[in-house]
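Side chains are part of it too, since the values below use all heavy atoms of this structure and drop only hydrogens, waters and symmetry mates. All ligand and atom numbering here is 1-based and tracks the order in the structure. Just so you know, residue 1 is the first one in the sequence shown, and it goes up from there. Keep in mind that what you see is a predicted model, and the values were worked out from it rather than measured.
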Amino acid sequence: MTVRVVDVCEITKPIASPIRNAYIDFTKMTTSLVAVVTDVVRDGKRVVGYGFNSNGRYGQGGLIRERFAPRLKEADPKSLLDASGDNLNPDKVWAAMMSNEKPGGHGERSVAVGTIDMAVWDAVAKIAGKPLFRLLAERHGREANPRVFVYAAGGYYYPGKDLSALRGEMRGYLDRGYNVVKMKIGGAPIAEDRERIEAVLKEIGKDAQLAVDANGRFDLETAIAYAKMLREYPLFWYEEAGDPLDFALQAALAEFYPAAMATGENLFSHQDAKNLIRYGGMRPDRDWLQFDCALSYGLCEYQRTLAVLKTHGWSPSRCIPHGGHQMSLNIAAGLGLGGNESYPDLFQPYGGFPDGVRVENGHITMPDLPGIGFEGKSDLYREMRALTE
Ligand SMILES: O=C([O-])CC(=O)C(=O)O
Ligand SMILES: [Mg+2]
C-alpha cells in the first residue's frame, strides 16, 4: 500500500463572540478549518484528516493556500511516507511544508503549519486505525491515560456583565463537573478586578479553585501590583501577566508571586519555549506551561518542545495547553500532560469534547475513536464534512 495526499482544502470560519479580555475583543475572531484528503480508503470512504487553529490568532487562509498546501501537494508522494510505506510520516510532511523557510519569524507561519499538522496527525491515526492518543503513547513507549484533567475557561468581560452574571457563569461550570475555573483580569481597574475575584471565590467556595489570566496586558509595575493583590487569595494560577516575550518581567514577577504562575500560549516554537525556560524564571515544581500546538507548528514541533522541557528538568505534567481543542486532549492522554483547557460556552463547535463525554470531578475520559475523534462531535463534524463534499 502507499499513501498520497490528494488535496488540502481550507476555509476561514467565524468564531466570533461579544467578549473581551484585557487585550482584544472576539467580535471578528476567525479560524481556518483544513482538510487533508488522502487516497486511502477505510470502510468504503476516503480517509480525510481535519484541523483548525485555536482562538486568539485569526484564520490563515492566505498562507495555507499560497505556500503550505501547494508544497504538500507538489511534494514527491514517496518522500512523505514512513518506513513501512503504509502511512504518512508527519515529520516528513512537516519538513516538506517548511522547505524554503528561513529560521525565526515563527509568528508569521506557525499557526498555518500547526493547523495543517493537526489534520495530518488526524489522518495518520485514522490510517493506523487508532485513537491519536493511543498511537502517541505507543510511539513514545508510554502507557496512555484516557482520563484527562480539564478546567473551564471563561470569566470574560462582556458588555453589561455584572458580578451576579459572573458568579452565575462560574456556578454553571461547577454544575457541569469542573473544579477549576478561570477568569480574565487586567481589563478593568485593579480595585474592580479584586471585587470580581472575591465574588467568584465566594461563589465557588471550597468546591473549586480559580485561575486568573491577564492576557499579557501588564507592564512590570502593574504586574507586581497585581501580584501583591493576588497573593492574598488561594489561586490556581496567575497567567500571562506581561508581554509573552518579556522573559525578564516574568522572572522578576516570580520574586513577588510565590504561588503558581502560568504562561506560554503566545510562544510559537520550541526555540521560544527554550528561551522562556532559560530566562523566564518559571519554576518546574509549581508553574504551568501553556504552549498550544495548534498555534505553534503542530504536534511535530510540540514533541520537540517536550524534549526541550525534559532537558531542562521539566515534566510534561506541568503542561496544560491553551486552546480547548481535542488535539491537545489527545496529547495529554497520550504523552502525560497535566491536562487541557476547555471553554464550555465559547468558540463552538471547535472546542469541547465528543458527544456524550461528561466532565466528572474536573476530568474527562477519552472515548476510543479513530484519529483525533472529531467524528464523535456531531456539530463539528458537520462543518468538517462540508469542506470536502
Ligand atoms: O482570551 C484569550 O485570548 C484566550 C486565553 O488567553 C486563554 O484561553 O487562556
Ligand atoms: Mg490565556
Side-chain angles (χ1 to χ4, degrees), residues 14-31 52-59 107 110-111 114 149-159 161 166 169-170 173 178 180-188 193 196-197 200 209-218 223 226 230 235-246 249-250 253 260-268 272-273 276 280 282 287-296 318-329 332 337-348 350-352:
I15 46 167
S17 23
I19 56 172
R20 180 172 69 78
N21 66 29
Y23 237 104
I24 61 165
D25 71 50
F26 288 77
T27 50
K28 302 245 169 16
M29 185 55 59
T30 57
T31 187
F52 51 85
N53 63 273
S54 304
N55 76 80
R57 304 285 148 187
Y58 294 82
S110 64
V111 182
F149 165 71
V150 287
Y151 73 92
Y156 282 83
Y157 300 96
Y158 289 73
K161 185 175 183 180
L166 179 62
E169 178 193 344
M170 298 297 163
Y173 299 148
Y178 291 94
V180 175
V181 297
K182 185 165 94 179
M183 65 183 276
K184 298 297 170 182
I185 59 168
D193 274 342
R196 295 171 64 248
I197 289 167
V200 171
Q209 282 186 282
L210 173 65
V212 297
D213 184 359
N215 286 98
R217 179 81 264 183
F218 301 147
Y226 265 83
L230 296 172
L235 298 180
F236 193 73
W237 71 48
Y238 174 14
E239 175 175 334
E240 240 195 354
D243 186 275
L245 291 173
D246 192 341
L249 180 152
Q250 191 70 46
L253 195 60
M261 308 187 298
T263 192
E265 71 177 64
N266 289 303
L267 297 184
F268 296 143
D272 286 354
L276 174 69
M282 299 292 280
D287 292 331
W288 300 97
L289 302 171
Q290 300 173 295
F291 317 121
D292 175 356
C293 69
L295 301 179
S296 56
R318 301 311 302 174
C319 296
I320 302 185
H322 163 272
H325 45 77
Q326 286 170 257
M327 180 70 174
S328 286
L329 284 177
L337 307 188
N340 195 31
E341 181 165 22
S342 97
Y343 307 92
D345 296 326
L346 297 168
F347 310 126
Q348 290 305 325
Y350 296 93

State the atom name: nearest N, O or S atom of [X] to the Mg ion (ligand 2).
| X | answer |
| --- | --- |
| Asp213 | OD2 |
| Glu239 | OE2 |
| Glu265 | OE1 |

Quickly, which of Tyr343, Trp237, Phe236 forms a ring pair (Phe, Tyr, Trp, His ring centres under 6.0 Å) with Tyr151? Name it, please.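 Of all the options given, the one that passes is Trp237.
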
For [atom], what is the closest protein heavy atom, and at what distance to 0.1 Å?
| atom | value |
| --- | --- |
| atom 1 (O) of ligand 1 | Tyr156 OH, 2.7 Å |
| atom 5 (C) of ligand 1 | Lys184 NZ, 3.2 Å |
| atom 3 (O) of ligand 1 | Asn21 ND2, 3.1 Å |

Can you see which heavy atom on Ile15 is nearest to which on Phe347, and at what distance?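 Heavy atoms only, the tightest pair is O-CD2, 3.8 Å.
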
Within a distance under 4.0 Å of any heavy atom of [X], pick out the atoms of ligand 1 and give their elements.
| X | value |
| --- | --- |
| Phe26 | 1 (O), 2 (C), 3 (O) |
| Lys182 | 7 (C), 8 (O), 9 (O) |
| Glu265 | 5 (C), 6 (O), 7 (C), 9 (O) |
| Tyr343 | 4 (C), 7 (C), 8 (O) |
| His322 | 4 (C), 5 (C), 7 (C), 8 (O), 9 (O) |

Within-4.5 Å side-chain heavy-atom neighbours: [X] and [Y]:
| X | Y | result |
| --- | --- | --- |
| Phe268 | Arg57 | yes |
| Ile24 | Met29 | yes |
| Asp345 | Tyr173 | yes |
| Lys182 | Glu239 | yes |
| Leu289 | Leu276 | yes |
| Ile197 | Met183 | yes |

Under a 4.0 Å heavy-atom limit, does Gln290 contact ligand 1 with its side chain, its backbone, both, or neither?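 Near ligand 1, Gln290 shows nothing, with every heavy atom at 4.0 Å or more.
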
For ligand 1, indicate whether the residue Asn215 contacts it via side chain, backbone, both or neither (heavy-atom separation under 4.0 Å).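 The side chain, only.
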
Regarding Glu240, does it place an N, O or S atom less than 2.8 Å from the Mg ion (ligand 2)?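 Short answer: no, not a single N, O or S atom is under the cut-off.
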
Take every heavy atom of [X], measure it against each atom of ligand 1, and state whether any distance is under 4.0 Å.
| X | answer |
| --- | --- |
| Tyr23 | no |
| Glu239 | yes |
| Glu240 | no |

Assess, by modelled atom type and distance only, whether the side chains of Asp292 and His325 contain a donor and an acceptor separated by less than 3.5 Å.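 Their side chains do contain a donor-acceptor pair, which is all the 3.5 Å distance test asks for.
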
Can you find a side-chain donor-acceptor pair between Tyr157 and Lys184 that sits under 3.5 Å?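 There is no such pair between these side chains.
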
Between Phe26 and Tyr156, does the ring centroid distance fall short of 6.0 Å?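 Here the rings of Tyr156 and Phe26 have centres that are less than 6.0 Å from each other.
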
